[in-house]
Colleague: 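Below is one structure. I have some questions about it.
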Amino acid sequence: MRILVLGRTGYLGAHVVRRLRALPEVRVLDGGRSPGAEFGIDLAADRPERLAKTLAAAAPDAVVNCAGATGTDPVTLAEVNARGPAVLCAALREAAPAARLVHLGSAAEYGPGEPGVRVGESAATRPAAPYGATKLAGTVAVTASGLDAVVLRVGNPVGPGAPATGLPGRIAALLRAAGPDPEAVLRLGDLSAYRDFVDVRDVARAAELALTSPAPLPPVLNIGSGEAVPVRDLVHGLARRAGFRGRIEENTTAGAGSARSAAVSWQCSDITAADRCLGWRPECSLDDMIATLWVATAADGSHLL
């Protein structure tokens, strides 16, 4: 089975590639732009006709799109998260219409949730910021493509290799820099928002199952823990794991924290459909995620475990 991976050098993509390469009778095709890549694909810039030629040469049985932009400007978000999937689908319809497409979406597409309620795939989507809006546009392009395609709507990924552009990776880096200094102070914004944290390795396993399942899949499947946890618990759990002896100061003043967190105080996914369709449920607890993330920062902050 030939599986083309896009975005393999990113946080999620690196874990997906690692998992796929361990499978017998699977050849992973590198669709990235890094030196040595087999196929130089740029979803933000490639024209559909050029991409179709590249896909025809690759002849994949399946494609997994892990490419995505997060903490950047709205134009880049739109180019990568919205245009990218649309161009990919157009090219696949021409060059490899029988290939299964697994696209990694985001729970941010749902927008604000109702406290105490798990959100199912049929819920209304009301993204609160450009990131969620552009990810939703990408999802619409995939689900309306007519291809054998599924979008995995991923919760907040945590685990080894978490980038410093996201909260888990940033907090781990700050704690590593602070060391055991009892005078150290971490000044953070409001940590009261609830999030559905999922281990990045569980996400990779879900992608594997979606790629290799012989059965038709629904257009969207939630991939999360199915539990909402205060962001504060993640931060303090990391501090305990780090042996942090300093002080964490949380600024709860309105406007002091992330605008997105302020707008979305609760996110929790209903993962029943992923269990039913893929036989997938998360295997890693929040403690597992925290432990492996912390260990991974000991060297260069990026190795996978």
Colleague: Any donor-acceptor pair under 3.5 Å linking the side chain of Asn81 with the backbone of Gly68?
Modeller: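 Checking the backbone N and O of Gly68 against the side chain of Asn81, no donor-acceptor pair under 3.5 Å is found.
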Colleague: Are any of the side-chain heavy atoms of Val231 and Phe197 separated by less than 4.5 Å?
Modeller: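 Yes. Closest side-chain heavy atoms under 4.5 Å.
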Colleague: For the residue pair Asp275 / Thr272, report whether a side-chain donor-acceptor contact shorter than 3.5 Å exists.
Modeller: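 Not at all, the side chains of Thr272 and Asp275 share no donor-acceptor pair under 3.5 Å.
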Colleague: Can you check whether Ile271's main-chain N or O pairs, donor with acceptor, with Ser269's side chain at less than 3.5 Å?
Modeller: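 Here the side-chain-to-backbone pair does not exist.
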Colleague: If we count only N and O atoms by modelled type, under 3.5 Å, do the side chains of Thr212 and Arg100 hold a donor and an acceptor together?
Modeller: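 No, no side-chain donor-acceptor contact under 3.5 Å.
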Colleague: How long is the gap from CD on Glu208 to CG on Leu278, to the nearest 0.5 Å?
Modeller: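 That separation rounds to 10.5 Å.
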Colleague: Is there side-chain contact between Leu188 and Asn251, with heavy atoms separated by less than 4.5 Å?
Modeller: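 Side-chain contact under 4.5 Å: no.
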Colleague: Quick check for you: to the nearest 0.5 Å, what is the distance between Ile248 atom CD1 and Leu174 atom CG?
Modeller: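 One finds 10.0 Å between CD1 of Ile248 and CG of Leu174.
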Colleague: Distance-only, no hydrogens or angles: does the Lys135 side chain make a donor-acceptor pair with backbone N or O of Leu104 under 3.5 Å?
Modeller: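 Indeed, once roles are kept as given, a pair shorter than 3.5 Å links the two residues.
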Colleague: Contact between Ile41 and Leu51 at the side-chain level, heavy atoms closer than 4.5 Å - yes or no?
Modeller: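 Side-chain contact under 4.5 Å: yes.
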Colleague: Tell me the closest heavy-atom pair linking Ala128 and Ala263, and the distance in Å.
Modeller: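 Nearest heavy atoms, Ala128 then Ala263: CB-CB, 4.0 Å.
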Colleague: Could you check whether any side-chain N or O of Arg2 sits under 3.5 Å from a backbone N or O of Ala59, counting only pairs where one atom can act as donor and the other as acceptor?
Modeller: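 Looks like yes, one N/O pair under 3.5 Å.
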Colleague: Is the terminal nitrogen or CZ of Arg176 (NZ for Lys, CZ for Arg) located under 6.0 angstrom from the six-membered ring centre of Trp294 and within 45° of that ring's axis?
Modeller: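 Arg176 over Trp294 ring: yes.
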Colleague: Answer yes when Glu250 and Arg187 have at least one side-chain N-carboxylate O distance shorter than 4.0 Å, and no when they do not.
Modeller: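 Between Arg187 and Glu250 there is no salt bridge, as every charged N stays at least 4.0 Å from the carboxylate O atoms.
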Colleague: Taking side chain as C-beta onward, heavy atoms only, is Val26 less than 4.5 Å from Leu211?
Modeller: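 No, every pair of side-chain atoms sits at 4.5 Å or beyond.
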Colleague: If two hydrophobic side chains count as joined below 4.5 Å and joins carry through other members, does Leu77 share a cluster with Val151?
Modeller: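 Looking at the clustering, Val151 is in a separate group from Leu77.
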Colleague: Tell me whether Glu114 at atom CD has more than 12 heavy atoms from other residues, nucleotides or ligands lying less than 6.0 Å away.
Modeller: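 At most 12 heavy atoms, drawn from other residues, nucleotides or ligands, come within 6.0 Å of this atom.
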Colleague: Is there a path of hydrophobic side-chain contacts, each under 4.5 Å between heavy atoms of I, L, V, M, F, W or Y residues, that connects Leu20 with Leu217?
Modeller: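 Looking at the clustering, Leu217 is in the same group as Leu20.
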Colleague: Is there a side chain to side chain contact (heavy atoms under 4.5 Å, CB included) between Thr72 and Val80 once you walk through the steps?
Modeller: CA-CA 11 Å; Thr72 185; Val80 178; over 6 Å; no
Colleague: Report yes or no: do Leu209 and Val17 belong to one cluster of Ile/Leu/Val/Met/Phe/Trp/Tyr joined by side chain heavy-atom distances under 4.5 Å?
Modeller: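 Yes, Leu209 and Val17 fall within the same hydrophobic cluster.
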Colleague: Is Val5 linked to Val203 within one hydrophobic cluster, defined over Ile, Leu, Val, Met, Phe, Trp and Tyr using a side-chain heavy-atom separation of less than 4.5 Å?
Modeller: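 Same cluster: Val5 reaches Val203 through Ile, Leu, Val, Met, Phe, Trp or Tyr contacts under 4.5 Å.
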Colleague: Which is it for Leu234 and Arg232 under the side chain to side chain contact (heavy atoms under 4.5 Å, CB included) test, yes or no, and what are the steps along the way?
Modeller: CA-CA 5 Å; Leu234 172 72; Arg232 186 179 296 116; over 6 Å; no
Colleague: Quiz question: by atom type and distance under 3.5 Å, do the side chains of Ser192 and Asp190 form a donor-acceptor pair?
Modeller: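 Note: Ser192 and Asp190 side chains meet the donor-acceptor criterion.
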Colleague: Is the backbone of Pro160 close enough, under 3.5 Å, to the side chain of His15 for a donor and an acceptor to pair up by distance?
Modeller: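 Side chain of His15 to backbone of Pro160: a pair is present.
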Colleague: I would like to know whether Arg201 and Thr292 meet side chain to side chain donor-acceptor pair (under 3.5 Å); could you show each step before the answer?
Modeller: CA-CA 10 Å; Arg201 294 162 298 178; Thr292 54; 3.3 Å; yes
Colleague: List the steps, then state whether side chain to side chain contact (heavy atoms under 4.5 Å, CB included) holds for Ile290 with Leu293.
Modeller: CA-CA 5 Å; Ile290 288 171; Leu293 169 57; 5.8 Å; no
Colleague: Considering non-hydrogen atoms only, spot the tightest contact between Val16 and Cys66 and give its length.
Modeller: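 Minimum heavy-atom separation between Val16 and Cys66: CG2-SG, 4.0 Å.
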Colleague: Is it possible for you to say whether Leu12 and Val102 belong to one hydrophobic cluster, with membership spreading through side-chain heavy-atom contacts below 4.5 Å?
Modeller: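 Yes, it is one cluster - the side chains of Leu12 and Val102 are joined through contacts under 4.5 Å.
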Colleague: Looking at every non-hydrogen atom in both residues, tell me the closest pair between Val220 and Glu121 and how far apart they are.
Modeller: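 Minimum heavy-atom contact is O-CG, 3.3 Å.
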Colleague: Working to the nearest 0.5 angstrom, can you tell me the gap between Arg50 CZ and Asp42 CG?
Modeller: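 Spacing of CZ (Arg50) from CG (Asp42) equals 8.5 Å.
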Colleague: Should Val229 and Leu286 count as side-chain neighbours, where that means a heavy-atom distance under 4.5 Å?
Modeller: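 Answer yes - side chains close enough.
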Colleague: Of all heavy-atom pairs between Leu4 and Pro60, which one has the smallest distance, and what is that distance?
Modeller: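 That would be CB-CB, 4.0 Å.
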Colleague: Do side-chain atoms of Trp280 reach the backbone of Ala207 as a donor and acceptor pair under 3.5 angstrom?
Modeller: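 No, because the side chain of Trp280 does not come within donor-acceptor range (under 3.5 Å) of the backbone of Ala207.
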Colleague: Would you check, one step at a time, whether the test salt bridge (charged side-chain N to carboxylate O under 4.0 Å, His left out) holds for Arg281 with Glu283?
Modeller: CA-CA 6 Å; Arg281 290 195 65 81; Glu283 294 179 348; over 6 Å; no
Colleague: How about Val63 and Leu6: do any of their side-chain heavy atoms sit closer than 4.5 Å?
Modeller: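 Side-chain contact under 4.5 Å: yes.
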Colleague: Please evaluate residues Arg153 and Glu109 with respect to the criterion salt bridge (charged side-chain N to carboxylate O under 4.0 Å, His left out), reporting the C-alpha separation (whole Å), side-chain torsions for both, the decisive distance (0.1 Å), and the verdict.
Modeller: CA-CA 8 Å; Arg153 260 191 192 138; Glu109 298 169 36; 2.7 Å; yes
Colleague: Over all heavy atoms of both residues, which pair between Pro157 and Pro168 is shortest? Give the atoms and the distance, please.
Modeller: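 Scanning both residues, the minimum pair turns out to be O-CG, 4.4 Å.
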Colleague: Would you say that Val198 contacts Val158 through its side chain, given a criterion of any heavy-atom pair below 4.5 Å between the two side chains?
Modeller: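 No, their side chains stay 4.5 Å or more apart.
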Colleague: Between Asp196 and Gly224, is there a donor-acceptor pair closer than 3.5 Å when you use the side chain of the first and the backbone of the second?
Modeller: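 Not a single qualifying donor-acceptor pair exists.
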Colleague: Please walk me through it: do Leu88 and His103 pass side chain to side chain contact (heavy atoms under 4.5 Å, CB included)?
Modeller: CA-CA 10 Å; Leu88 176 59; His103 173 73; 5.8 Å; no
Colleague: State, to 0.1 Å, how close Ala172 and Thr297 come at their nearest heavy-atom pair, and which atoms those are.
Modeller: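 Distance-wise, the nearest heavy atoms are CB-CG2, 3.7 Å.
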Colleague: Is the number of heavy atoms from other residues, nucleotides or ligands under 6.0 Å of Phe244 CZ greater than 12?
Modeller: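 Atom CZ in Phe244 is crowded, with more than 12 foreign heavy atoms closer than 6.0 Å.
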Colleague: Does the side chain of Asn222 pick up a donor-acceptor pair with the side chain of Tyr110 at under 3.5 Å?
Modeller: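 Yes, side-chain donor-acceptor contact under 3.5 Å.
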Colleague: Taking the side chain as everything from C-beta on, heavy atoms only, tell me whether Val64 gets closer than 4.5 Å to Leu101.
Modeller: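 With C-beta onward as the side chain, the pair stays apart.
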Colleague: Before you tell me yes or no, could you show the steps for Asp30 and Arg8 under salt bridge (charged side-chain N to carboxylate O under 4.0 Å, His left out), namely the whole-Å CA-CA distance, both residues' side-chain angles and the distance that decides it to 0.1 Å?
Modeller: CA-CA 7 Å; Asp30 183 355; Arg8 71 165 183 87; 2.3 Å; yes
